[in-house]
Amino acid sequence: MDEYDVDDPEELDQILQIDPIHPDRLAYDAERGRRKHLLILRRRRIRDFADPFDVTFETFVRSYRLSQDLVFSLVDLIRPHVRRTSSPLALPLEKKVLAALSFFATGSYQTPTGKNFEVSVAQPTMSNYIEEVTRALNTPEVVGRFIRFPATAEEVDYCVQRNTMLGGQISNTVAYTDGSLIKIRKPSVANNRLAFMGRKSFASINVQITCDRRMYVNNVLARFPGSTNDSYIFNASALRRRMVELQDMRRCHLLGDSGYPLEPWMMTPFARDETPEEGTPESRYNKAHCSDRSVVERCIGSMKEVFRAINDERVLHYEAIKTCRFVVAITVLHNLRILAQVPHFEEVQDPRARNGNGHNEDDDAEGGEDGENDNGGAEGAAAVHNLMARGAAPSSNGHPVGANVLFPPNKAKRAAPTSSQIDVQKQART
């Protein structure tokens with residue numbers, strides 16, 4: 001007969017499966033419960049000893065996509081919408097949020113994400129934490145504070161002026177809209193599988209994203225299956241109704257691709273079969289339209305690159321309804337990053353940097369880049385924290401909340417070349 005380790009709860013389960021009428025079953029059950037309790041306490045000690053916030057700004061942003069200050073502000077924001085618990089063994093809300101952020105950032109499965117020593121929870125507990133934080137980020141109070149389309153003529157004026165200042169070529173443009181497919185697990189036949197199979201032959205949901213020149217999302221609609229076309233989603237959305245209402249107050253329009261209908265509040269390019277000749281007004285309009293509308297494509301690409309849970313290379317193994325909640329939660333986090341101007345640190349490609357051999361001592365001697373990022377992240381987080389506390393009240397500078405903006409810093413002017421540099425350039429040209 002095989003020998004079993006009675007100190008391991010799994011081994012005890014095997015003993016009970018082999019001999020369910022064991023004379024010492026009660027003793028085994030008591031010992032199994034005691035061992036499980038010890039494992040819970042050991043896992044809790046590991047979590048208590050690990051401080052995930054005690055790292056550099058760059059390391060923290062790489063792992064969770066938000067800065068330390070932003071995470072604390074986010075915790076204060078969603079705390080009223082999270083179920084309170086009085087258990088002394090409960091995980092703090094800060095680490096619950098970090099567990100959800102790690103899942104959104106990496107797009108990994110729940111089991112390896114929960115095995116992270118900074119979180120150290122089992123897969124069912126990890127699932128509960130992700131669901132809890134996602135529902136808190138989907139509450140109307142949180143969504144209405146960070147995803148808000150202009151509703152008055154003053155807000156529209158400010159949005160139009162801001163888009164023009166940031167490089168918009170087509171006048172009276174309030175926002176830019178486009179659709180994107182998010183891959184999901186193939187539903188069952190009973191759940192209308194064919195409705196989620198789009199033109200690209202994989203199950204997905206079609207998400208409508210609307211943003212401004214900052215790539216700040218001011219409207220998101222994630223509730224239609226992948227086979228639904230963009231024009232149907234726009235016609236059934238509250239965004240179109242809002243645009244119709246705004247026409248009586250202030251003439252403005254959106255920019256969309258050829259998949260949307262041409263309307264007074266939706267400007268689309270000339271069709272491909274009506275390609276205008278080079279140099280004509282129609283051709284210049286198409287070029288300006290393509291250049292301006294590319295900002296929404298960059299916005300969608302940035303969201304999928306930063307939060308890899310919705311990346312095109314990842315298939316979310318969840319139901320469609322839960323995937324829609326993930327998209328809205330990620331949109332809120334994306335807007336937080338835009339407001340706080342959190343930089344995106346790409347993954348290190350040099351293999352020497354992965355094992356620590358690529359360390360540069362000059363960066364440490366000069367203060368490195370982390371110090372600069374810490375200051376910028378702290379300033380942006382402070383501004384976002386003020387926005388969270390302000391709620392629906394107007395800002396101090398008189399701008400409406402729907403048009404809240406943190407303009408990007410001005411680029412430093414290039415220094416004028418010296419006479420010696422000009423001589424060198426002349427010699428190189430000759």
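All residue numbers refer to positions in the sequence shown, counting from 1. Below, all heavy atoms of this structure are taken into account, side chains as well, without hydrogens, waters or symmetry copies.
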Next item on the list: Would you check, one step at a time, whether the test salt bridge (charged side-chain N to carboxylate O under 4.0 Å, His left out) holds for Glu297 with Arg293?
Entry: CA-CA 7 Å; Glu297 297 178 353; Arg293 202 191 61 83; 2.6 Å; yes

Strictly by modelled atom types, are [X] and [Y] linked by a side-chain donor-acceptor pair under 3.5 Å?
| X | Y | value |
| --- | --- | --- |
| His344 | Ser302 | no |
| Ser188 | Asn191 | yes |
| Asn229 | Ser231 | yes |

Cationic N near anionic O, under 4.0 Å, [X] to [Y]:
| X | Y | result |
| --- | --- | --- |
| Arg162 | Asp212 | yes |
| Arg240 | Glu263 | yes |
| Arg250 | Glu154 | no |
| Arg135 | Glu132 | no |
| Glu141 | Arg145 | no |

Check: Aromatic rings Phe72 and Phe53: how do their planes relate, parallel, tilted or perpendicular, breaks at 30° and 60°?
Finding: parallel

Margin query: Out of the candidates Asp178, Leu255, Val217, Asp257, only one should pair with Val296 under the side-chain contact (heavy atoms from CB on, under 4.5 Å) rule; please name it.
Written below: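 Only one of Asp178, Leu255, Val217, Asp257 forms a side-chain contact (heavy atoms from CB on, under 4.5 Å) with Val296, namely Asp178.
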
Interatomic spacing from [atom1] in [X] to [atom2] in [Y] - rounded to 0.5 Å:
| X | Y | atom1 | atom2 | value |
| --- | --- | --- | --- | --- |
| Trp265 | Arg242 | CH2 | CZ | 14.5 Å |
| Ile130 | Lys322 | CD1 | NZ | 8.5 Å |
| His317 | Arg185 | NE2 | CZ | 8.0 Å |
| Asn218 | Tyr176 | CG | OH | 11.0 Å |
| His253 | Leu246 | NE2 | CG | 13.0 Å |
| Leu93 | Arg79 | CG | CZ | 5.0 Å |

Looking at [Y], is its backbone amide N or carbonyl O close enough to the side chain of [X] to form a donor-acceptor pair, meaning the two atoms are under 3.5 Å apart?
| X | Y | answer |
| --- | --- | --- |
| Arg65 | Val306 | yes |
| Lys183 | Asp312 | yes |
| Glu305 | Gly301 | no |
| Thr331 | Val327 | yes |
| Asn311 | Phe307 | no |

Next item on the list: Could you walk me through whether Arg314 and Lys304 pass the side chain to side chain contact (heavy atoms under 4.5 Å, CB included) test, one step at a time?
Entry: CA-CA 10 Å; Arg314 172 80 160 86; Lys304 292 186 176 182; over 6 Å; no

Next item on the list: Check the pair Val207 / Leu221 against side chain to side chain contact (heavy atoms under 4.5 Å, CB included), numbers first and verdict last.
Entry: CA-CA 6 Å; Val207 181; Leu221 181 58; over 6 Å; no

Item checked: Validation row, ring centre Phe103 to ring centre Tyr64 under 6.0 Å ->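 No: the rings miss the under 6.0 Å criterion.
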
Next item on the list: Check the pair Val332 / Ile147 against side chain to side chain contact (heavy atoms under 4.5 Å, CB included), numbers first and verdict last.
Entry: CA-CA 7 Å; Val332 172; Ile147 306 177; 3.8 Å; yes

Item checked: Heavy atoms of other groups near Arg298 CZ, more than 12 under 6.0 Å ->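 Above 12, so yes.
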
Next item on the list: Using the side chain to side chain contact (heavy atoms under 4.5 Å, CB included) rule, take Leu181 and Phe202 through it: C-alpha gap first, then chi angles, then the decisive distance, then the call.
Entry: CA-CA 10 Å; Leu181 298 178; Phe202 57 78; 4.2 Å; yes

Next item on the list: Using the test side chain to side chain donor-acceptor pair (under 3.5 Å), find all partners of Gln247 that sit at least two apart in sequence or belong to another chain.
Entry: none

Check: Thr56 and Thr59: side chain to side chain donor-acceptor pair (under 3.5 Å), yes or no, with the steps?
Finding: CA-CA 5 Å; Thr56 62; Thr59 302; 2.8 Å; yes

